[in-house]
Number of protein chains: 2
Amino acid sequence: MSTPRHGRTRKPPAARRAEILTAAVRIALGEGLDRITLRAVADSLDVRPGLVHHYFPAVEDLIVEAFRTAAATERSALFEATGTPLERMSRLLTSLTGPQAQAGHRLWSSARHISRSSAAMAMAVEELEELGRAQMTELIREGMGSGDFGDVDATATCVRIYMAIDGFGAYANSPLPFGHEAYEFFVADVAEWALDLARGTLRARASRGATGTTVERS
Amino acid sequence: MSTPRHGRTRKPPAARRAEILTAAVRIALGEGLDRITLRAVADSLDVRPGLVHHYFPAVEDLIVEAFRTAAATERSALFEATGTPLERMSRLLTSLTGPQAQAGHRLWSSARHISRSSAAMAMAVEELEELGRAQMTELIREGMGSGDFGDVDATATCVRIYMAIDGFGAYANSPLPFGHEAYEFFVADVAEWALDLARGTLRARASRGATGTTVERS
DNA sequence: CAACATATTGGTCACTTGGCCAATAATGGT
DNA sequence: ACCATTATTGGCCAAGTGACCAATATGTTG
C-alpha cells in the first residue's frame, strides 16, 4: 500500500517501531502468528527487511510482542465495565463465541503452538492467561456479591469457563461450520453450570444478543 | 540407531513404506507433526532423504498419514470395550486427562494448526473427530440403556465432553503444571454434568485410577 | 547364473527463513 | 548552513526446507 516507489522516508524511532508492531499484529490477526516474518512485515510496510531487523533484532521478540498487543487489545474490549455482572458476563461470552472472535481463537492457538519451541512465547501466554483469569475472577466475585451468580468457588468457576472457551476455540481452525447447537452454546452452557445459574439464563442472552450490542436497560 | 555405516539394504516396498510411516509417527508423537521432515525421517532411519521422497512424493501426505495412524492408534486404545459403560467412560476420561496423554493432545494441537494451511490435514482432522464422536455417542447410548448415565441427548453430551477434552488439551503445550484442581478434573466434572451423573461419580474414579490400571472387579 | 526390475543413493536446484553489515541519506541540533 | 547522528537501504550469508533425477547396487526371477 501507499507509494510503491523507493524514496526513503525517515521516521522517529518510536513511531517506526510502533508502525512495525502494528503491521505484525495485522498479520498475526489475519494469517496467524507464524506468518510474521521479517520480509512479510517489511513488505506490508513497503520497507526493507533490514529495517525490521534494526528495531527487532530477534524476530521471536516481535512475534511475542505482536501476540501480547493483539491479545491485550482483544481482551480489553471484552471486559468493558458497563452493566450488571450478568450482563457483562453474557456480553463477554457472546462476543467470545461469535464469528468475529474466530481470529482471536486462532491467535491463541498459534501462540500456544509456538509456546512449545519458544520460552518467551510460553511466558507471554502464561501471563495473559493469568491476567484474563484475574479479570474474570473479579467479575465473578462481583456477580456473587450482587446476587447475579450463585455462591460458587470463584477461582474454580473462572478456570472452568476459560477451559470451555479454549475448548470452543479449538475448532477455530476448522473450515466447516458448527453442526450442533451443543457446539454453539457450549460456553454459555458450561458457564451456567459453573456459575450455578438457572438453565438457559446465558443461552437466551447469547442467541438474542448475537447482533453484538446489548439492548437491555437496568 | 542401528548401523551408521552405508551399505544399502534393500527392503520390500510395503515394509519400507511402513517403516517410514512408523518413523514419522514417532517424530510426530515426540516432537510434533511439524517436525516431520524429509531429512528428519530419513536420519532417524539412517537412510537418504530421496528414499523418503520415493515413497511419499509429497511430504504433506506423509504428515497427514502419520497423524491418521498416530491418532487412530491412540483412540483405539482408549475405547477398549471391557467393563460397564461407566467404567469405560471413566477409564477413557482418566487416561485422556493423565500425563501420558499430553503427547496426544499436542498431536491434535499440531494437526489443528496445520489444518489452517493444509486442506488434506483439515479433512483428516474432521474425519477422526467424527469417528471419535461416533464411538463416544455409542458408549453414551449404552450407558443410558444400562442406567449408568442419565437420560440425556447423546449427541449433545458427546459434543460437550469432547469440547471439554479439547479445552483441557489446549494447555498441553504449557510447560507449567496445573495449579488448580478445577483444571485437573475439568473433563470429569463436565462429563458428570453432561451425563447427568451425581456430583463426584467420575471425579472419584479419576483420582483413584490415576495410576492407570483399573483395579476393580465386576 | 545371468539379466532384469527397481529400491536406494548422492547430488542438485529453487526457495524461504533469520541474521548481519557497510554504505547512504535524511533529520535535527548548533 | 553545516554537521553529526542514525534511520534506512541493498546486499550478503548460512541453514533449512521440498522436490527432483541420473546413476548404482541389490534382490529376485527366468
Side-chain angles (χ1 to χ4, degrees), chain A residues 2-24 27-28 31-67 110 113-114 117-121, chain B residues 2-24 27-28 31-67 110 113-114 117-121:
Chain A
S2 64
T3 54
R5 285 281 138 260
H6 52 278
R8 54 170 76 173
T9 40
R10 188 192 182 109
K11 302 192 178 180
R16 185 63 96 177
R17 194 189 146 92
E19 192 180 10
I20 291 174
L21 187 56
T22 301
I27 293 175
E31 319 177 41
L33 280 170
D34 44 4
R35 292 296 191 76
I36 296 181
T37 203
L38 284 184
R39 287 160 183 81
V41 173
D43 286 353
S44 91
L45 291 175
D46 193 39
V47 141
R48 292 326 111 207
L51 184 61
V52 179
H53 171 262
H54 177 71
Y55 289 96
F56 294 89
V59 184
E60 185 182 324
D61 293 340
L62 172 59
I63 297 176
V64 171
E65 202 162 330
F67 168 66
S110 272
H113 186 79
I114 294 175
S117 56
S118 162
M121 182 62 85
Chain B
S2 65
T3 55
R5 282 286 135 256
H6 53 277
R8 53 169 76 172
T9 40
R10 188 195 182 108
K11 301 191 176 180
R16 186 62 98 177
R17 195 190 146 92
E19 194 181 7
I20 291 174
L21 187 55
T22 301
I27 293 175
E31 319 177 43
L33 281 170
D34 44 4
R35 291 295 190 77
I36 296 181
T37 203
L38 284 186
R39 287 160 183 82
V41 173
D43 286 353
S44 91
L45 291 175
D46 194 39
V47 141
R48 290 329 109 207
L51 184 62
V52 180
H53 170 262
H54 178 70
Y55 289 95
F56 295 88
V59 184
E60 185 181 324
D61 294 338
L62 173 58
I63 297 176
V64 171
E65 201 162 330
F67 168 65
S110 273
H113 185 79
I114 294 175
S117 56
S118 161
M121 181 62 84

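Computed from a predicted model, the values in this text were never measured in an experiment. Every chain is numbered from 1, with letters handed out A, B, ... down the list of sequences.
We find that CG of B:Asp34 is positioned 14 Å from C1' of D:dG16, with the value rounded to whole Å. Taking atom CZ of A:Arg8 as the reference point, atom P of D:dT5 lies 18 Å away to the nearest angstrom. The interatomic distance linking A:Asp46 (CG) with D:dT8 (P) rounds to 13 Å, in whole Å. The interatomic distance linking B:Glu60 (CD) with D:dA19 (C1') rounds to 14 Å, in whole Å. One can place CG of A:Leu38 at 15 Å from C1' of D:dA15, the figure rounded to the nearest angstrom. Whole-Å rounding puts the B:Leu62 CG to D:dA19 C1' distance at 14 Å.
Of the candidate nucleotides C:dT6, C:dG10, C:dT8, C:dT6 has the atom lying nearest to any side-chain atom of B:Arg10. Residue B:Thr37 has its side chain nearest to D:dG18 when only C:dG18, C:dT8, D:dG18 are considered. Closest to the B:Arg39 side chain, of the nucleotides D:dG18, C:dA25, C:dT8, is D:dG18.
By the side-chain hydrogen bond (donor to acceptor under 3.5 Å, both in side chains) test, A:Glu31 pairs with A:Arg35, sequence neighbours left out. Checked against side-chain contact (heavy atoms from CB on, under 4.5 Å), A:Arg17 has the following partners two or more places apart in sequence or in another chain: A:Tyr55, A:Phe56, A:Glu65. Among residues two or more places apart in sequence or in another chain, the side-chain contact (heavy atoms from CB on, under 4.5 Å) test is passed with B:Arg39 by B:Thr37, B:Pro49. Contacts of A:Ala28 classified as side-chain contact (heavy atoms from CB on, under 4.5 Å), with partners at least two apart in sequence or in another chain: A:Leu33, A:Ile36, A:Leu107. Qualifying salt bridge (charged side-chain N to carboxylate O under 4.0 Å, His left out) partners for B:Glu60, counting only residues two or more places apart in sequence or in other chains: none.
The base of C:dT8 has none of its N or O atoms less than 3.5 Å from a complementary donor or acceptor on the side chain of B:Arg16. Evaluation of atom-type donor-acceptor distances gives no pair under 3.5 Å for the side chain of B:Arg48 against the base of C:dT9.
DNA chain C is contacted by A:His53, A:Pro57, A:Ala58 of residues 51-58 of chain A, taking any non-hydrogen atom closer than 4.0 Å.
Residue-level contact check: B:Pro13 touches the backbone only, with heavy atoms under 4.0 Å from sugar-phosphate atoms and none from bases.
Taking for each of B:Pro49 and A:Gly50 the nucleotide of DNA chain D with the nearest heavy atom, the 5'-most of the two is the partner of A:Gly50. Residues A:Thr9 and B:Arg35 both approach DNA chain D. Their nearest nucleotides, taken by heavy-atom distance, put A:Thr9 toward the 5′ side.
Of the residues listed (A:Thr22, A:Val59, A:Val47, A:Val52), the one engaging A:Val41 in a side-chain contact (heavy atoms from CB on, under 4.5 Å) is A:Val52, and it is the only one.
In this structure, A:Ile114 CD1 and B:His113 NE2 are separated by 6.5 Å, a value rounded to the nearest 0.5 Å.
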